[in-house]
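Remarks on the structure that follows.
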Amino acid sequence: MNYEPVIGLEVHVELNTKSKMFCRCSADYFGAEPNTHTCPVCLGLPGALPYINKAAIEDCMKIGLALNCQISEVSRFERKNYFYPDLSKGYQISQYRWPLCINGQLVLDNGQVIRINRAHQEEDTGKLSHVSGSTLIDFNRSGVPLVEIVTEPDFRDVESVRDYAKKLQQLFRYLGVSNADMERGDMRLEANISVRVKREGESGKELPNYRVELKNINSFRFMVAAIEYEIKRQIAAIEKGEKLSQETRGWDADKKCSYLQRSKEEAHDYRYFPEPDLPELSLQSSAISLQQIKDEMPELPWEKKERFQKQYKLSISQATILTESIKLADFFENTVKLGIDAIQIANFIINKKINIEEVLPTQVIEDIKAKKVGIIDSEEELTKLAEQSIAENEKSAADYRAGKEAALQAVIGGVMKLSLGKADVSKVKPLLEKLLK
Ligand code: ADP
Ligand code: MG
Ligand code: ZN
């Protein structure tokens with residue numbers, strides 16, 4: 001039988017706002033003395049009243065806009081009731097029926113469109129530590145703003161899940177809404193996995209009637225390992241004729257296997273109901289201007305990457321590396337402004353693994369010019385590269401021969417790419433002109 005995994009992802013991201021979601025405690029708790037960032041609201045004391053953090057809502061909207069979501073005119077907070085020691089109130093304030101952002105999408109590198117079901121606002125819980133037989137509770141994290149982003153079950157392979165998660169991490173950093181550090185728990189992944197027999201047509205599109213939710217994944221590497229393991233486990237179970245059921249499993253990174261945590265509760269087990277202590281969030285009557293947020297959105301990672309390819313004629317991989325962070329992208333562009341060929345600069349920064357914290361753009365230019373580091377300028381080597389580029393850019397070469405001057409640029413670009421930017425540009429052009437006579 002030919003099986004196909006069906007995967008949906010839930011990503012939680014902790015926002016780096018100054019204060020918590022529903023009180024004025026500092027949300028910057030990392031490394032702080034336990035239970036020092038607390039107040040009656042985030043300790044869940046009776047009678048304490050929450051109020052909404054505007055900055056968190058704005059961040060959630062930025063995430064939603066970047067993911068092409070509709071921003072709801074009216075949204076609402078609800079209580080998600082469950083009993084657990086790290087949840088002081090006995091419920092988490094979350095969004096369920098009326099989330100802030102809905103119906104978005106994100107395009108992966110392979111062109112696949114992943115539908116985003118929702119990006120909603122909620123709050124984090126406290127943190128338990130199990131120390132030599134006893135359990136300690138730290139409420140510093142309780143009430144820190146979280147945004148949860150839920151996809152439709154659109155993934156069919158692990159690589160796509162990885163690409164998606166990486167793209168989200170990069171997005172959070174571009175938007176400046178979170179450090180999105182997985183190890184610190186700023187960003188947490190939960191994968192929902194089921195397996196079905198691969199079929200053509202409508203019946204092939206039906207979702208399996210169960211899903212296994214994988215929790216405790218705190219690195220991209222573990223996520224890939226956990227999903228791969230889980231797919232194999234489920235296929236083996238199906239082959240044995242077992243019936244798989246809705247459950248939550250954890251990932252044991254040491255033993256490299258998933259283990260049962262609990263049979264999954266259904267939404268009705270949480271007895272969701274509208275949070276009576278908070279007003280509904282109405283875009284019209286709030287102090288938040290959606291238009292202003294739209295106007296202030298930065299260039300998104302994928303937009304920048306595409307622009308770099310077009311504007312500087314970079315290859316996909318060069319553009320991917322140079323747009324990894326806004327800082328690196330800015331460094332590159334600031335260097336290009338100082339003159340010299342962009343591809344040469346791109347290769348220099350990438351190959352030399354330039355530490356942009358320690359070097360200035362002017363120094364990069366000086367190094368390239370003065371030392372001509374690794375510059376290829378021998379007639380013989382350049383001719384070899386030129387001939388190869390002509391062969392690879394047959395059409396442009398032919399166009400140039402036919403009199404289209406501008407077509408030469410593509411062949412020059414080919415030489416620069418083949419030489420990883422090291423060919424001496426001043427010699428490449430005359431050489432190609434000679435060869436293409
Ligand atoms: P819950 O609160 O129970 O985690 P959510 O609605 O937040 O529910 O998330 C459900 C996740 O499960 C979504 O990412 C969705 O795409 C995914 N999902 C739903 N059905 C399946 C399925 N049959 N196989 C795999 N994933 C699924
Ligand atoms: Mg969920
Ligand atoms: Zn507080």
Side-chain angles (χ1 to χ4, degrees), residues 3-12 17-29 32 35-45 48-53 78 80-82 88-89 92-97 99 102-106 114-120 122-126 138-158 160-161 164-165 168 188-197 204-215 227 230-231 234 244-249 261-270 272:
Y3 295 96
E4 162 178 77
V6 175
I7 308 168
L9 213 66
E10 295 168 75
V11 173
H12 282 92
T17 49
K18 284 202 189 74
S19 49
K20 292 190 182 181
M21 190 61 225
F22 300 112
C23 60
R24 293 214 167 87
C25 291
S26 162
D28 185 14
Y29 65 88
N35 299 308
T36 52
H37 291 216
T38 55
C39 74
V41 173
C42 57
L43 284 173
L45 300 187
L49 288 174
Y51 27 84
I52 299 171
N53 181 340
E78 296 200 74
K80 180 181 183 179
N81 299 280
Y82 65 98
S88 49
K89 295 195 292 285
Q92 178 193 33
I93 303 181
S94 180
Q95 295 193 302
Y96 181 57
R97 280 169 290 185
I102 52 170
N103 298 337
Q105 60 173 55
L106 182 67
I114 300 298
R115 292 168 302 156
I116 312 278
N117 172 286
R118 52 162 60 212
H120 74 236
E122 57 182 39
E123 57 172 339
D124 214 340
T125 61
D138 175 9
F139 284 113
N140 284 350
R141 198 180 69 176
S142 171
V144 169
L146 276 184
V147 170
E148 177 174 355
I149 299 145
V150 182
T151 75
E152 296 295 341
D154 286 348
F155 299 97
R156 298 291 173 268
D157 62 275
V158 183
S160 302
V161 180
Y164 170 84
L168 280 195
R188 294 165 230 159
L189 309 172
E190 281 153 36
N192 291 270
I193 304 161
S194 61
V195 165
R196 68 185 173 195
V197 176
K205 296 199 184 86
E206 261 166 48
L207 289 178
N209 60 1
Y210 74 96
R211 63 185 155 97
V212 171
E213 183 164 349
L214 270 181
K215 287 196 185 276
I227 295 177
E230 188 54 28
I231 293 170
Q234 291 186 20
L244 287 155
S245 56
Q246 194 100 335
E247 61 189 30
T248 301
R249 299 177 74 88
Q261 285 186 320
R262 56 176 192 260
S263 331
K264 176 77 183 162
E265 51 286 269
E266 299 283 345
H268 61 248
D269 293 329
Y270 291 123
Y272 279 100

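We count ligands from 1, going down the list as the structure has it; atoms in each ligand are counted the same way. Side chains are part of it too, since the values below use all heavy atoms of this structure and drop only hydrogens, waters and symmetry mates.
- In summary, the atoms of ligand 1 found under 4.0 Å from a heavy atom of Gly8, numbered by their order in the structure, are 14 (O), 16 (O), 26 (N).
- Below 4.0 Å from some heavy atom of Glu152 lie the following atoms of ligand 1, by number and element: 16 (O).
- For ligand 1, the polar-atom distance check against Pro153 finds a nitrogen or oxygen pair separated by under 3.5 Å.
- Taking the six-membered ring where the residue is Trp, Tyr82 and Tyr270 present perpendicular rings, their angle passing 60° and hence far from 30°.
- Within the 4.0 Å heavy-atom shell around ligand 1 one finds Glu148.
- Contact annotation for Arg211 and ligand 1: only side-chain heavy atoms (C-beta onward) come within less than 4.0 Å of the ligand.
- At a 3.5 angstrom cut-off on N or O pairs, Lys80 does not count as close to ligand 1.
- When heavy-atom distances to ligand 1 are checked against a 4.0 Å cut-off, Val150 comes that close only through its side chain, counted from C-beta outward.
- The side chain to side chain contact (heavy atoms under 4.5 Å, CB included) check on Arg24 picks up Tyr51, with sequence neighbours excluded.
- When non-hydrogen atoms are compared, ligand 1 lies under 4.0 Å from the backbone of Leu9 (N, CA, C, O) but not from its side chain.
- Residue contacts with ligand 1, taken as heavy atom pairs separated by less than 4.0 Å, do not involve Glu190 at all.
- Around the Zn ion (ligand 3), the protein contributes the following N, O or S atoms at distances under 2.8 Å: Cys23 SG, Cys25 SG, Cys39 SG, Cys42 SG.
- Atom numbering of ligand 1 starts at 1 in the shown order; those under 4.0 Å from a heavy atom of Pro208 are 23 (N).
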